Number of protein chains: 2
Amino acid sequence: MVQHSRIRLDGSFGALSDATRRGVLEQLGRADASITDLADKFHMTLTGMKKHVHVLEHAGLVTTEKVGRVRTCKLGPRRLEEESAWLERYRLLWDARFDELDNVVEALKRKEK
Amino acid sequence: MVQHSRIRLDGSFGALSDATRRGVLEQLGRADASITDLADKFHMTLTGMKKHVHVLEHAGLVTTEKVGRVRTCKLGPRRLEEESAWLERYRLLWDARFDELDNVVEALKRKEK
DNA sequence: TAGATACTGAACCACATGGTTCAGCATTCG
DNA sequence: CGAATGCTGAACCATGTGGTTCAGTATCTA
């Protein structure tokens with residue numbers, strides 16, 4: 001379970017760490033697209049784009065279906081919930097950490113008096 | 001500006017795409033730590049851990065300070081706000097996309113009648 | 001001062017990433 | 001049928017990643 005989640009986060013954060021792939025996701029949010037559409041939009045060869053799509057598909061962020069000679073890409077089933085949750089948890093941690101720091105500062109101030 | 005943000009997201013999502021680095025962040029949320037502390041905790045050489053810390057530092061997620069022979073690592077200034085915002089925006093997109101799909105399904109249903 | 005401790009840098013390794021080109025294959029169109 | 005279109009796979013390339021070892025340097029401690 002932990003393993004599973006770890007691997008998922010590796011994959012999805014990794015997928016999001018590239019501007020082209022984030023762009024593809026935003027694009028697919030507006031409309032489904034073929035590999036050719038995406039390759040044109042992002043000024044890249046078909047083969048190059050196919051690799052990006054593969055990464056996104058592997059991360060569950062995109063699904064594709066080939067009909068005739070066209071492979072159509074759509075947004076996948078994952079809503080990045082775990083990823084949002086991780087970030088949210090981190091921000092709580094961060095806040096707590098800095099609150100603690102504030103407390104230390106406060107304590108020092110009191111000592112000074 | 002856009003460029004700047006793009007690069008930041010590349011760096012931070014990239015930093016988060018590794019389980020060890022996410023672990024280091026969680027650890028530093030509990031307490032500051034030296035490179036040695038972290039290397040021990042994650043069963044890795046000092047040199048290996050130093051590289052992870054460097055990636056986190058480069059992404060603004062960790063700051064370090066060397067006092068004497070010890071380099072102490074703490075959480076950095078960035079709270080992953082842009083990253084949260086990106087994910088949130090994506091989820092809105094995702095919802096809109098699937099709502100649209102629902103509408104299409106509804107429209108088809110109406111046509112069938 | 002000697003030795004232990006903590007980090008640093010260089011070099012290396014296997015493998016992944018982000019791209020390309022080129023040579024196909026399958027499908028569609030005229 | 002023949003040509004154009006859309007994708008696919010293999011091979012290649014430069015660079016990055018995640019780790020190691022080894023050989024230092026700097027700092028503490030006894």
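Keep in mind the model is a prediction, meaning the values are calculated, not measured. Below, chain A is the first sequence line, B the second, and so on; all start at residue 1.
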Exercise for the section: Can you tell me the distance, in whole Å, between the CG atom of A/D10 and the C1' atom of D/dT17? Expected result: 13 Å

Fill in the blank from the handout: Distance col, row B/L56:CG vs B/T63:OG1, nearest 0.5 angstrom, shows 11.0 Å

Exercise for the section: For the residue pair A/R91 and B/S84, confirm or rule out a side-chain donor-acceptor distance under 3.5 Å. Expected result: yes

Handout entry: Whole angstrom value for the distance that separates C1' of D/dG16 from NE2 of B/H58
Key = 13 Å

Exercise for the section: Measure from NZ on A/K66 to P on D/dG6 and round the result to the nearest Å. Expected result: 12 Å

Practice task
Give a yes/no answer on whether the side chain of A/R71 brings an N or O atom under 4.0 Å of OP1 or OP2 in D/dT8.
Solution key: yes

Handout entry: Members of residues 38-48 of chain B that approach DNA chain C, where some heavy atom sits under 4.0 Å away
Key = B/L46, B/T47

Problem - B/H52 vs D/dT17: side-chain N/O to OP1/OP2 distance below 4.0 Å - result: no

Problem - OP1 or OP2 of D/dG18 under 4.0 Å from side-chain N/O of B/R21 - result: yes

Problem - Length of the CG-P vector between B/L56 and D/dG18, whole Å - result: 10 Å

Fill in the blank from the handout: Rounded to whole Å, the CG-P distance (A/D18 to D/dG16) equals 14 Å

Completion exercise
A/R69 CZ to D/dA3 P, in whole Å, measures 16 Å

Handout entry: Contact nearer the 5' end of DNA chain C, comparing B/K51 with B/I35
Key = B/I35

Practice task
Consider only side-chain heavy atoms of I, L, V, M, F, W and Y, link residues closer than 4.5 Å, and tell whether A/F42 and B/W86 are in one cluster.
Solution key: yes

Completion exercise
The nucleotide from C/dG18, D/dG9, D/dG18 with an atom nearest the side chain of A/K50 is D/dG9

Completion exercise
Taken to the nearest whole Å, CE/A/M49 to C1'/C/dT20 is 14 Å

Completion exercise
By nearest-nucleotide position on DNA chain C, the 5'-leaning member of B/V70 and A/G14 is B/V70

Problem - Donor-acceptor contact present, side-chain A/R97 to main-chain B/L28, <3.5 Å - result: yes

Handout entry: Nearest-0.5 Å distance that lies between atom OH in B/Y90 and atom CG in A/L16
Key = 8.5 Å

Problem - Distance-only polar pair, side chains of B/E65 and B/T72, donor-acceptor under 3.5 Å - result: no

Practice task
Answer yes when B/R89 and A/E26 have at least one side-chain N-carboxylate O distance shorter than 4.0 Å, and no when they do not.
Solution key: yes

